[in-house]
Amino acid sequence: MSLARRHPFKQPRTIPSTSYLPTTSYQTRMEYNKEVEENSAHTEGFRFHPTDRELMKYLILFVISKPFSKLVPIVLEDLYTIEPWDIFKGKKDRALYFFTELKKKKTGNTRYVRSVGEGSWKSQDKGKAVCSEKGSILGYKRSLRYQNPGLPLHDGQWLMKEYSICDDVKKHLRQRFHEYNKEHYVLCRVKRKIGKDEDGIAPKETIIDEEINDIIGSNDAADTLAIDINRPFHG
């Protein structure tokens, strides 16, 4: 089920504001991310599949600290201090969404730091405009690829779409919101490429306990289910 084109949730709750910090500390990121993950639609069968325009709107709301639904699974992360495979540890998702702050190489420089560990995120294009319903440019979407020749397993296997707000929209935000202090934040979609050997898994006749536990949660869940099924029906 896609959450991108319709919003069936009648009473969306709000995310916490981080406007009191010019940059986001580790503790703040953890608190923010915990609240998002506890309330977002990380449920079997649900997919967060927004359009470029919808992602740009989420970014604009975020930088002015305006709340939106907690069901939106976009978390805070410093993507330039952590390798991409570490981001995905313990997660089944093929793609994850993040707000991250870009840091300039030098004061007054227009170029940003793109290195992480022994690798770096390399631009693949000049960026594509993302427009509003009325055709106004809201920002740009750029494609980046993780490059690290020293690690062939990961070199070129991680992809990023980076959404940034255009200068004209930033100017309007500065004029209207005095608390606007997230000038260099972007929204990123990170995913891992699927190799030819990962397209499918050969079927097997038997299944191990660990796989069953992954589905039902624990033996306690199975016991509860058995009790419910065998309970006499009194109609």
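Worth saying up front: this structure is predicted, and the values here are computed from it rather than measured.
Tested against Cys188 for a side-chain contact (heavy atoms from CB on, under 4.5 Å), the candidates Thr100, Leu102, Leu144 yield a single pass: Thr100. Screening Phe62, Tyr163, Tyr58 for a ring pair (Phe, Tyr, Trp, His ring centres under 6.0 Å) with Tyr185, the sole residue that qualifies is Phe62. Partner of Tyr112 under the side chain to side chain donor-acceptor pair (under 3.5 Å) criterion, out of Lys104, His184, Glu101: His184 alone.
Side-chain atoms of Ser115 never come within 3.5 Å of backbone atoms of Ser120 as a donor-acceptor pair (strictly under, hydrogens ignored). Proximity of a side-chain donor or acceptor of Arg53 to a complementary backbone N or O of Val130 within less than 3.5 Å is not detected.
Within the 4.5 Å cutoff, the side chain of Ile87 has heavy atoms near those of the Leu79 side chain. Between Pro84 and Trp121 the shortest side-chain heavy-atom distance falls below 4.5 Å.
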Atom pairs and distances, donor-acceptor, side-chain atoms in residues 165-175, under 3.5 Å, two or more places apart:
{"residue": "Lys170", "atom": "NZ", "partner": "Glu183", "partner atom": "O", "Å": "3.1"}
{"residue": "Arg174", "atom": "NE", "partner": "Glu183", "partner atom": "OE1", "Å": "3.3"}
{"residue": "Arg174", "atom": "NH2", "partner": "Glu183", "partner atom": "OE2", "Å": "2.6"}

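With a 6.0 Å radius and a threshold of 12 heavy atoms from other residues, nucleotides or ligands, Glu118 has its CD atom at or below the threshold. Around atom NZ of Lys128, no more than 12 heavy atoms belonging to other residues, nucleotides or ligands sit under 6.0 Å away.
Using bins of under 30°, 30° to 60° and over 60° for the plane-to-plane angle, the ring pair Trp85/His154 lands in the parallel bin.
Between Lys191 and Phe88, the closest heavy-atom pair is CA-CZ, 4.1 Å. Summarising the geometry of Gly156 relative to Lys193, their closest heavy-atom pair is O-CD, 3.3 Å, with the distance given to 0.1 Å. Between Pro50 and Leu55, the shortest heavy-atom distance links the atoms CG-CD2, 3.4 Å. Taking all atoms of both residues into account, the shortest heavy-atom contact from Val186 to Ser164 is CG1-CB, 3.8 Å.
Of the inter-residue distances, the one linking Arg114 atom CZ with Met160 atom CE reads 7.5 Å to the nearest 0.5 angstrom. Taking CG from Leu96 and CZ from Arg94, the interatomic distance works out to 11.5 Å, rounded to the nearest 0.5 Å. Taking CZ from Phe99 and CG from Leu76, the interatomic distance works out to 7.5 Å, rounded to the nearest 0.5 Å. To the nearest 0.5 angstrom, Lys57 atom NZ is 14.5 Å from Leu187 atom CG.
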Going through the distances and angles, do Phe48 and Asp93 end up as a side chain to side chain contact (heavy atoms under 4.5 Å, CB included)?
-> CA-CA 10 Å; Phe48 183 61; Asp93 310 72; over 6 Å; no
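In the hydrophobic clustering of this structure, Tyr97 does not group with Leu159; members are Ile, Leu, Val, Met, Phe, Trp, Tyr whose side-chain heavy atoms approach within less than 4.5 Å, directly or through other members. Residues Val113 and Val190 do not share a hydrophobic cluster, clusters being chains of Ile/Leu/Val/Met/Phe/Trp/Tyr side chains in contact below 4.5 Å.
Screening residues 137-152 for side-chain hydrogen bond (donor to acceptor under 3.5 Å, both in side chains) gives Asp52-Lys141, Glu83-Tyr146, Ser123-Arg142, Asp125-Ser143, Ser143-Lys161, Tyr146-Asn148 as the qualifying pairs, with residues at least two apart or on separate chains.
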